Each structure stands twice: as C-alpha cells, then as structure tokens.
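Worksheet for the structure shown next.
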Amino acid sequence: MSKATFELYQDAREEWRWRLVHDNGNIIADSGEGYERQATAEQGIESVQANASSSKIDILE
C-alpha cells in the first residue's frame, strides 16, 4: 500500500505544479518547475511513476 500521494496544484503565478507527500506530511519530491498546462504537470507525475521504481541509485562522494 502506498504511503504517499501526489498533489497537483496551482502556485501563486497560476502555474501547475506537483508534489509527492508522505502520509506523515513530509514532501518527498516536487516538480521543481511550474507548467502552463495541467496536462503537462500530470505527464510529469506519470513519468515519475513509470521511472522511479526502476531507477538506479548513484552514490556521490
């Protein structure tokens, strides 16, 4: 069961953004940029959902 939820919202500039919020209220990730269209922000969410589980971990030193 997922312990996080994607939130899709408009910021003060009326750009669409998303954030991934854990059940405890902590923001795990965010879009990092605003999108003019809601559909484009939704595509960003779908990309994270599709790619995150198979992503590798790079350890930077």
Side-chain angles (χ1 to χ4, degrees):
M1 177 188 303
S2 177
K3 300 230 184 251
T5 303
F6 280 97
E7 296 179 345
L8 185 61
Y9 65 97
Q10 282 186 293
D11 64 16
R13 295 175 51 188
E14 296 187 357
E15 293 182 326
W16 288 95
R17 294 179 174 268
W18 60 262
R19 60 185 165 226
L20 182 60
V21 182
H22 191 276
D23 288 350
N24 66 11
N26 290 339
I27 297 173
I28 299 169
D30 65 49
S31 57
E33 65 179 306
Y35 298 92
E36 289 185 25
R37 297 177 46 233
Q38 179 180 345
T40 308
E42 290 173 356
Q43 289 171 353
I45 292 171
E46 291 167 0
S47 177
V48 171
Q49 289 174 321
N51 292 295
S53 64
S54 62
S55 296
K56 66 178 185 168
I57 298 172
D58 284 339
I59 299 173
L60 307 177
E61 296 181 28

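Every value quoted in this text rests on a predicted model; they were computed, and no experiment measured them.
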Glu33 CD to Thr40 OG1 distance, which is reported to the nearest 0.5 Å
9.5 Å

Side-chain heavy atoms of Phe6 within contact of Gln49, under 4.5 Å
yes

Separation between CD1 (Ile27) and CG (Asn24), nearest 0.5 Å, reads 11.0 Å

Begin with the C-alpha distance, continue with both residues' side-chain angles, and end with the deciding distance and a verdict on side-chain hydrogen bond (donor to acceptor under 3.5 Å, both in side chains) for Ser47 and Asn51.
CA-CA 6 Å; Ser47 177; Asn51 292 295; 3.2 Å; yes

For Ile28 and Ala4, the nearest pair of non-hydrogen atoms, with its separation, is CD1-CB, 3.9 Å

Using every non-hydrogen atom in the two residues, find where Trp18 and Gly44 come nearest and quote the distance to one decimal.
NE1-C, 4.0 Å

Considering only heavy atoms from C-beta outward, does the side chain of Arg17 approach that of Tyr9 to under 4.5 Å?
yes

Out of curiosity, does Trp16 fall in the hydrophobic cluster containing Ile45 (side-chain heavy atoms, cut-off under 4.5 Å, transitive links)?
yes

From Gln38 atom CD to Gln10 atom CD, the distance as rounded to the nearest 0.5 Å:
7.5 Å

How long is the gap from CG on Leu20 to CG on Asp30, to the nearest 0.5 Å?
10.0 Å

